[in-house]
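Computed from heavy atoms alone, side chains included, the values below leave out hydrogens, waters and symmetry copies.
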Amino acid sequence: MSAVTTTVPVVAREVSTQVRRRRRLSPGRRLPAARLVGPALLLALWSAASAAGRLDPAAIPAPWTVVETGAHLWTAGTLPTDILTSLERAGYGFAIGLVAGVALALAAGLSRVGEALIDGTVNLNRAIPTLGLIPLFILWLGIGESFKVAIIAIVVYIPIYLNTHAALAGIDHRFVELAEVQGLSRFAFVRQIVIPGALPGFFVGLRLGVTGSWLGLVVLEQINATSGLGYMMFQAQNYGQSDVILVGLVVYGVFGLASDSAVRLIERRVLSWRRTLSS
């Protein structure tokens, strides 16, 4: 009895030592506001280089100069108007692209006929540079707001379709067989198997689509526009106002980072059941 009693602590110590020595392979706990570390470091380097006189103020103004210019534009009322116009264009285009991407992905992923009709066409569209379609869309829709919204919708729907369709095609066939054995209806199969299986890919496409809407907006707002962040930057280029251009870039960056962070937050909430490396 004493030998057993003596052996148990020894074994426990050996197991504990092995656990301590075992190398941790996961990234570890998520750091609060970790995504802001990189931008903060970049801002610090920019400020230090500007204060040390390493940057040409005419080409790259100091951060405080950009802040002063942004405050002046906001007080004058031009910056809020341009931001609202850009948000409206990006919002309309994103909404149309989101609906189109999801609808086409479901039609192609759940039907062989739909896949034959849709998948090749979408991949052909993907192979054509979207911004190269601008002259054609101007002829079709005019040079007003319609073609801008249409181009943004195309930029958004392609990554959403591709990633959602890939996720649908990647659903394990054993789940399909299990649903058939359980006698699930078509609606129950889509709700319990298809949608949960496609959500990870959908959120990847959604993040790419959100970023794409802002990237397309930069170019589109320089074509026959009278307001918007891209128009503001184009006008600043004509007058050599690099500080105004940087204000526009900072606003684009802030909105892009904020929208991507919002999508990531929704993704973590919706997919909280999924255990991954990042979680």
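The hydrophobic cluster containing Val263 also contains Phe202, counting ILVMFWY residues as joined when their side-chain heavy atoms lie under 4.5 angstrom apart, directly or transitively. Placement of Trp74 and Val254 in two distinct hydrophobic clusters is found when ILVMFWY residues are connected by side-chain heavy-atom separations under 4.5 Å, directly or transitively. Hydrophobic clustering of Ile, Leu, Val, Met, Phe, Trp and Tyr side chains at less than 4.5 Å, counting indirect connections, unites Ile128 with Val122. Hydrophobic clustering, with ILVMFWY side chains joined whenever heavy atoms are under 4.5 angstrom apart, groups Leu246 together with Val251. Cluster annotation: Ile245 is connected to Leu43 through the hydrophobic network of ILVMFWY side chains, with a link wherever side-chain heavy atoms come within less than 4.5 Å.
With values rounded to the nearest 0.5 angstrom, Leu79 atom CG is found 5.5 Å from Leu73 atom CG. For the atom pair Ser86 OG and Met232 CE, the distance stands at 8.5 Å (nearest 0.5 Å). The distance from the CD atom of Gln192 to the CD atom of Gln182 is 9.5 Å, given to the nearest 0.5 Å. From Ser185, atom OG reaches atom CZ of Arg191 across 8.0 Å, with rounding to the nearest 0.5 Å. From Gln222, atom CD reaches atom CD of Gln235 across 10.0 Å, with rounding to the nearest 0.5 Å. Taking CD1 of Ile193 as the reference point, atom CG of Leu168 lies at 12.5 Å (rounded to 0.5 Å).
Atom CZ of Phe189 has more than 12 heavy atoms from other residues, nucleotides or ligands within 6.0 Å. Heavy atoms of other residues, nucleotides or ligands lying less than 6.0 angstrom from OH of Tyr92 number 12 at most.
Applying the salt bridge (charged side-chain N to carboxylate O under 4.0 Å, His left out) test to residues at least two apart or on different chains, the pairs with a partner in residues 204-213 are Arg207-Asp260.
Using a 4.5 Å heavy-atom cutoff, the side chains of Asp119 and His165 are in contact. Here the side chains of Phe203 and Val270 are in contact, with some heavy-atom distance below 4.5 Å.
A donor and an acceptor atom, one from each side chain of Glu68 and His72, are nowhere located under 3.5 Å apart.
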Check: residues 131-160 side-chain donor-acceptor pairs under 3.5 Å, at least two apart:
unit_1	atom_1	unit_2	atom_2	d
Glu145	OE1	Arg89	NE	2.7
Glu145	OE2	Arg89	NE	3.4
Glu145	OE2	Arg89	NH2	2.8
Lys148	NZ	Gly144	O	3.1
Lys148	NZ	Ile223	O	3.2
Tyr157	OH	Asn125	ND2	2.8

Only pairs under 3.5 Å count here: list side-chain donor-acceptor contacts from residues 52-61, not counting sequence neighbours, and write none if there are none.
unit_1	atom_1	unit_2	atom_2	d
Asp56	OD1	Ala58	N	3.2

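The closest donor-acceptor contact from the side chain of Glu221 to the backbone of Leu229 lies under 3.5 Å. No side-chain donor-acceptor contact under 3.5 Å links Tyr161 to the backbone of Gly97.
Trp46 and Pro63 make their closest contact through CD2-CG, 3.5 Å (heavy atoms, listed as atom of the first residue, atom of the second, distance). When every heavy atom of Asn163 is checked against every heavy atom of Gly201, the shortest pair comes out as CB-O, 3.1 Å. Of all heavy-atom pairs between Ser259 and Trp214, the closest is OG-NE1, 3.5 Å.
When each of Ile118, Thr164, Val99 is paired with Leu104, the side chain to side chain contact (heavy atoms under 4.5 Å, CB included) condition holds for Ile118 and for no other.
In terms of the salt bridge (charged side-chain N to carboxylate O under 4.0 Å, His left out) criterion, residue partners of Asp172 (sequence neighbours excluded) are, by chain and number, Arg174. Here Arg112 pairs with Glu115 under the salt bridge (charged side-chain N to carboxylate O under 4.0 Å, His left out) rule; sequence neighbours left out.
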Apply side-chain contact (heavy atoms from CB on, under 4.5 Å) to residues Tyr231 and Thr85 and explain how you reach the verdict.
CA-CA 10 Å; Tyr231 169 78; Thr85 303; over 6 Å; no

Show, in sequence, the C-alpha distance, side-chain angles and deciding distance for Val194 and Phe175, and conclude whether the side-chain contact (heavy atoms from CB on, under 4.5 Å) test is met.
CA-CA 9 Å; Val194 172; Phe175 294 129; over 6 Å; no

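Trp64 forms part of no hydrophobic cluster, judged by ILVMFWY side-chain heavy-atom separations under 4.5 Å.
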